[in-house]
Amino acid sequence: MSAPGGGGGAPAAAAAPAAKRQRTMPLAGICLFVPVKALPGGSAVFAAWKRSLPGLGASLTQDGGAAGITHAVVPQAPNGTANWGCLPPALAPPGPSGLLFVTQHWVADSIRRQQRQDEGAYRPAAARAAAPPPKPAARAAPSRAGSMRKGEDGEALPAVEAIKAWLGPLWRPECAEMDLAELALQGDYDEERCRRIGNEHVVEALRELRKFEEVVEALRELRKFEEALNGQWLKNPQGKAVSNHKSLAYMHAASAVRTCAYKLAPPVRPEQLPLVGDFTAGIITEILETGSCAQLEQFRRDEPVRDSRGGVRADSAGAATRRAFTKLPGVGAKVAQQWWDRGLRTYEDVIEAAASRGLGAAGSKPLVLNATQRFALEHRADLLEGTAESDLEEMRAAIAASLISLTGARGWHIEIVGGSRRQQRPAADASGSGGGSSSRVPPKQHHDADFMVTHHSYTWGEDLIGSLRDELIARRRILPPDTGAMCMLQQNRAADIEAKLMDDLTGASGELRSNVASDRLDHIFATFRTAAGRLRRMDVILVTPDQLPYALIGWIGSTMFNRFLRRHMNHGLWRIKGGRIVRVPDQAPPINRRGQGPGAK
DNA sequence: CGGCATACG
DNA sequence: CGTAT
DNA sequence: GCCG
């Protein structure tokens, strides 16, 4: 066990009182100058800091001439420019020796994390320009951790230095020992943070590329496996589900950029960011230099994309239109390709082709839509619009009313999870919504709203989830399945979960697939009808109180977070089963499908 | 060169 | 082959 | 496509 660095090297037990003081007074000795008038949020933010900071050991002053000032806040606008003009002459740069300049986000993040953040990562813009972002090519002593890679000039680059710069204030010495899956879990994937660092436009481009690869690659693999397996889809020869790994690479790259602690500048080298190799580093560099890249531009224009050797990539034409089609529920890569192949280019084209069934072009089979697709096309305005925060309370009330009516029990705990929960800002963070700012961000829309429901004393039967769905339908708050609206139910039998857990604990089934498969929670995927008649996607998850903490991890986490978490768990001695995290009984390393352990040849 | 998250309808 | 995190 |  290595002692935690950064603070003290004493063994944990002996350092307990110091560690406790460190935890409770992480900002001890800090005196913060705050130019209240120039601060986004102004006096309201100052008042909030005044409530929080003394408890962390820091003091505040608005008097630029006060003695003992250690930190000066230089407010930073959303566009990244710093307002140095608001500092009094006594604190003007470079200021008294030892004075540190920080943005308001240093204060907000220090309060939010209850931990002193690295001032270097929160330097106001002009000061940062003087000190360029950390270059991983520094000649630091090679560390044991991380593989050595070859730099441009053949010089070995210590990966740890790159990781340190990448994680910035989130880096801990323990990170040097981590594999990539665990390392990825250390990041802060906050969109606003990424935006103010200045990398969010790169993330957006990479995510768009990923969507492109999804429709192209999914179709390509689809055709390959249908050919090879005579129509038997969904499994590769090893019986594992197939997924699209080129698009996965883009998702990884987007994650790496999202959590990068410094503003990226061209050229971006593959050594700089984890999960980013030669190919993607080139893409990122092109995006940084031009705002886009060749693939993305071709994609947006529905043009076929050429590979690195200049050949046209199969099935890459029409990706933007096909991507638009797949936004409809019930339309995936295959249906979108069929529509494209018929010459359809807009939703209106599809509706028309389906309406003139039989009257259409001679020789072509009529376009037949299923109920889901018809519904999605009819209500595409509502469904593509997504769910605003203003819809959430109405949904919560409808769920609560149905539950009380069904069970007679009050006191249901209904918690917002999913993407809308991830977007919620902690109260201490005043950034982005500052009072006088002219850049007002429109309220964010989410593709759906997710509610996690539990009750701490009432015990319900196994059919509550089904009853809840029926009740919501009866009250006309969600649409029944025969409309074509999404209305799916997932109901696990408790016995299945217990059986699976027992298998895990006894090692009975090992790595083999048990015939009992229920990893998921009781759950409704539905289409909610608001009082104003708008249709919104809504999910309701029912959990027991002891499942709640585990369920929250999965349902608040993003797809990428969940994949990194699952991958990390699978690398080690832990598994997520039946909504719980369980230790793998046998401490032998995991074996592959040939029955070999890691490192076996 | 194998693995890449995982499950249900 | 579609959905979900 | 990236990693070990």
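This structure is a prediction, so every number in the text was calculated from the model and none was measured.
Between A/Arg477 and A/Glu471, none of the side-chain N atoms (NZ, or NE/NH1/NH2) sits under 4.0 Å from a carboxylate O, so this pair counts as no salt bridge. A salt bridge links A/Glu213 to A/Arg313: one of the charged nitrogens lies within less than 4.0 Å of a carboxylate oxygen.
For A/Phe564 and A/His568, the distance between ring centers is not under 6.0 angstrom. The aromatic ring centres of A/Tyr250 and A/His252 sit 6.0 Å or more apart.
In this structure, A/Val335 reaches the sugar-phosphate backbone alone: every heavy-atom distance under 4.0 Å involves primed, P, OP1 or OP2 atoms, never a base. Among the heavy atoms of the strands, none lies under 4.0 Å from A/Ala253. Within the nucleic acid shown, A/Leu328 comes within 4.0 Å of sugar-phosphate atoms alone, with no base atom in reach, counting heavy atoms only. Among the atoms of the strands shown, only primed sugar atoms or phosphate atoms (P, OP1, OP2) are found under 4.0 Å from some heavy atom of A/Leu489. Within 4.0 Å (heavy atoms only), A/Thr559 reaches at least one base atom of the nucleic acid. If you check every strand for non-hydrogen atoms under 4.0 Å, A/Arg537 touches sugar and phosphate atoms only.
Rounded to whole Å, the distance from CG on A/Asp522 to P on B/dA7 is 17 Å. Counting to the nearest Å, the P atom of C/dA4 and the CE atom of A/Met538 are 14 Å from each other. Rounded to an integer number of Å, the gap from CD1 of A/Ile284 to P of D/dC2 is 9 Å. With rounding to whole Å, A/Asp278 atom CG is found 11 Å from D/dG1 atom P. A/His446 places its NE2 atom 12 Å from the P atom of C/dT5, with the value rounded to the nearest Å. For the pair A/Asp179 CG and D/dC2 C1', the interatomic distance rounds to 14 Å; values are reported in whole Å. The NE2-C1' distance, from A/His245 to D/dG1, rounds to 10 Å in whole Å. In this structure, A/His571 places its NE2 atom 10 Å from P of B/dT6, rounding to the nearest Å.
Comparing C/dA4, D/dG4, B/dA5 against the side chain of A/Arg563 picks out B/dA5 as the nearest. In the set C/dA4, B/dG9, D/dC2, C/dA4 carries the atom at the smallest distance from any side-chain atom of A/Asp539. The A/Phe279 side chain lies nearest to D/dG1 when the options are D/dG4, C/dT5, D/dG1. Taking only side-chain atoms of A/His447, from C-beta outward, the nucleotide of B/dA5, C/dT5, B/dC8 with the closest atom is C/dT5. For A/Leu248, the side-chain atoms get nearest to B/dC4 when compared with the rest of B/dC4, C/dT3, B/dT6. Comparing B/dA5, D/dC3, C/dT5 by their nearest atom to the side chain of A/Asn570 picks out B/dA5.
Under the rule for a side chain to side chain donor-acceptor pair (under 3.5 Å), the partners of A/Asp382 that lie at least two apart in sequence or sit in another chain are A/Arg534.
Remark: the separation of the P atoms in D/dG1 and B/dT6 is 24 Å, to the nearest Å.
Dashed line: the shortest gap from a side-chain N or O of A/Thr280 to OP1 or OP2 of D/dC2 is under 4.0 Å.
Looking at A/Gln272 and A/Trp166, their side chains never come closer than 4.5 Å, going by heavy atoms from C-beta outward.
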